[in-house]
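Just so we're on the same page: letters track the sequence lines, and every chain starts at 1.
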There are 2 protein chains.
Amino acid sequence: MRAEEMLQTLVAHGYRLTEPRQALLEVIACRPGWFSVRELSEDLGQKKIRVGRATIFRTLNLLVDLGLLERVRGANEVEGYVVTGAGEHHHHLICSRCGRVEELPECPVAERLAELAAERQFQVVSHNLEVYGVCIQCLRQESLEQEK
Amino acid sequence: MRAEEMLQTLVAHGYRLTEPRQALLEVIACRPGWFSVRELSEDLGQKKIRVGRATIFRTLNLLVDLGLLERVRGANEVEGYVVTGAGEHHHHLICSRCGRVEELPECPVAERLAELAAERQFQVVSHNLEVYGVCIQCLRQESLEQEK
DNA sequence: CCTGCTGGTGAGACTAAGTATCAATTGCTA
DNA sequence: TAGCAATTGATACTTAGTCTCACCAGCAGG
Ligand SMILES: [Mn+2]
Ligand SMILES: [Mn+2]
Ligand SMILES: [Zn+2]
Ligand SMILES: [Zn+2]
């Protein structure tokens with residue numbers, strides 16, 4: 001999703017189009033997948049953009065609330081974010097090598113979980129699932145390097 | 001799992017039976033389910049037991065390594081721990097009301113996930129799943145209160 | 001039982017995420 | 001263009017977690 005579209009969503013929800021928000025969205029949109037707040041800050045530093053800590057977190061929370069971002073724990077157990085496409089319930093394949101994120105077309109839990117929970121009379125409200133591994137691009141690159 | 005048994009495991013692995021470790025295990029064993037480091041510290045304060053911050057984290061890490069504890073994110077997005085029974089791959093039903101934790105008898109993801117990942121040529125290495133909701137005890141209590 | 005070696009401890013400094021406060025600023029609207 | 005509310009950023013605070021290093025205490029062997 002491009003920075004432009006995210007800005008439009010902000011406006012559509014009555015939020016102001018401020019300087020820091022534009023800068024942040026610009027940087028976020030460049031990220032190929034999962035990113036931590038630290039990486040975001042580094043990107044900002046690189047581009048010599050100054051945005052206050054508080055504003056970074058405020059904006060991230062805002063974007064999460066609007067469904068433009070999702071909070072996702074990376075492979076390394078570090079907290080981070082991911083640009084989301086759909087607002088609906090879904091899960092991610094997260095590449096531990098490059099951080100790329102793929103969305104699963106369906107929830108692989110739902111069915112079996114409902115049965116298991118029912119057996120134990122547990123009322124499920126929500127769940128989160130994150131899948132870690134290696135994406136096809138990284139796999140290919142790896143095999144190329146091994147051929148050398 | 002009782003404090004006694006955990007101590008035995010420590011000893012069996014060549015770790016010393018120190019004062020702080022005993023105190024910590026005592027307090028951990030009392031917890032009915034999920035707990036945060038904060039809660040643990042509060043419990044210690046209550047019982048007027050002094051254990052250094054570093055030692056708390058060291059011990060928690062140790063217990064995680066030995067498979068006696070698991071790191072689990074609570075319903076409120078707060079990081080925490082859970083006393084585990086089995087060392088094998090499994091998941092939890094976490095009660096958002098009381099923090100109690102139930103272990104699922106099987107992984108509700110494995111099968112369907114393997115198929116979905118294969119389709120996209122993503123090599124799955126691991127996944128984590130946590131389920132939040134309301135346990136049977138809390139449901140009962142709730143309905144009792146509503147009758148009043 | 002004593003003693004030494006070594007594993008373990010705790011104070012304290014440090015990194016980092018995230019929240020709260022509040023005065024100063026800026027986007028927008030009329 | 002003026003004014004007001006939304007937004008910002010400096011700053012202080014909370015909590016998780018790591019690291020260092022001088023000191024301490026379990027425990028094995030004499
Ligand atoms: Mn997504
Ligand atoms: Mn468990
Ligand atoms: Zn990859
Ligand atoms: Zn409960």
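- Rounded to whole Å, the distance from CZ on A:Arg21 to P on D:dG9 is 11 Å.
- Counting non-hydrogen atoms of neighbouring residues, nucleotides and ligands closer than 6.0 angstrom, the CD atom of B:Glu19 reaches no more than 12 such neighbours.
- We find that CG of A:Leu7 is positioned 14 Å from C1' of C:dG27, with the value rounded to whole Å.
- Atom-to-atom, CD1 of A:Ile49 to P of D:dG9 comes out at 12 Å; the value is rounded to the nearest Å.
- Side-chain N/O atoms of A:Ser41 and A:Arg38 include no donor and acceptor closer than 3.5 Å.
- Per the geometry, CD belonging to B:Glu79 stands 11 Å off P belonging to C:dG18, to the nearest Å.
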B/S/- along nucleotides 18-30 of chain D (protein heavy atoms under 4.0 Å) is BB-----BBS---

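- Per the geometry, CZ belonging to A:Arg38 stands 6 Å off P belonging to C:dA17, to the nearest Å.
- Atom CD of B:Glu111 sits in a sparse spot, with 12 or fewer heavy atoms from other residues, nucleotides or ligands closer than 6.0 Å.
- If you take CG of A:Leu10 and C1' of D:dT7, they are 13 Å apart, rounded to a whole angstrom.
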Could you go through the side chain to side chain contact (heavy atoms under 4.5 Å, CB included) check for B:Tyr81 and B:Val37 one step at a time? CA-CA 8 Å; B:Tyr81 300 83; B:Val37 173; 3.8 Å; yes

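- Looking only at distances, a side-chain donor or acceptor of A:Arg120 sits under 3.5 Å from a matching main-chain atom of B:Glu103.
- Closest to the side chain of B:Ser36, out of D:dA16, D:dT8, C:dG18, is D:dA16.
- In this entry the distance linking OH of A:Tyr81 with P of C:dA16 reads 16 Å, nearest Å.
- Look at CD on B:Glu39: it is 10 Å from P on D:dA16, rounded to the nearest Å.
- Within the 3.5 Å criterion, the main-chain N or O of B:Arg112 finds no donor-acceptor partner in the side chain of B:Glu115.
- Nucleic acid contact for B:Phe35: none, since no nucleic acid atom lies under 4.0 Å from a heavy atom of the residue.
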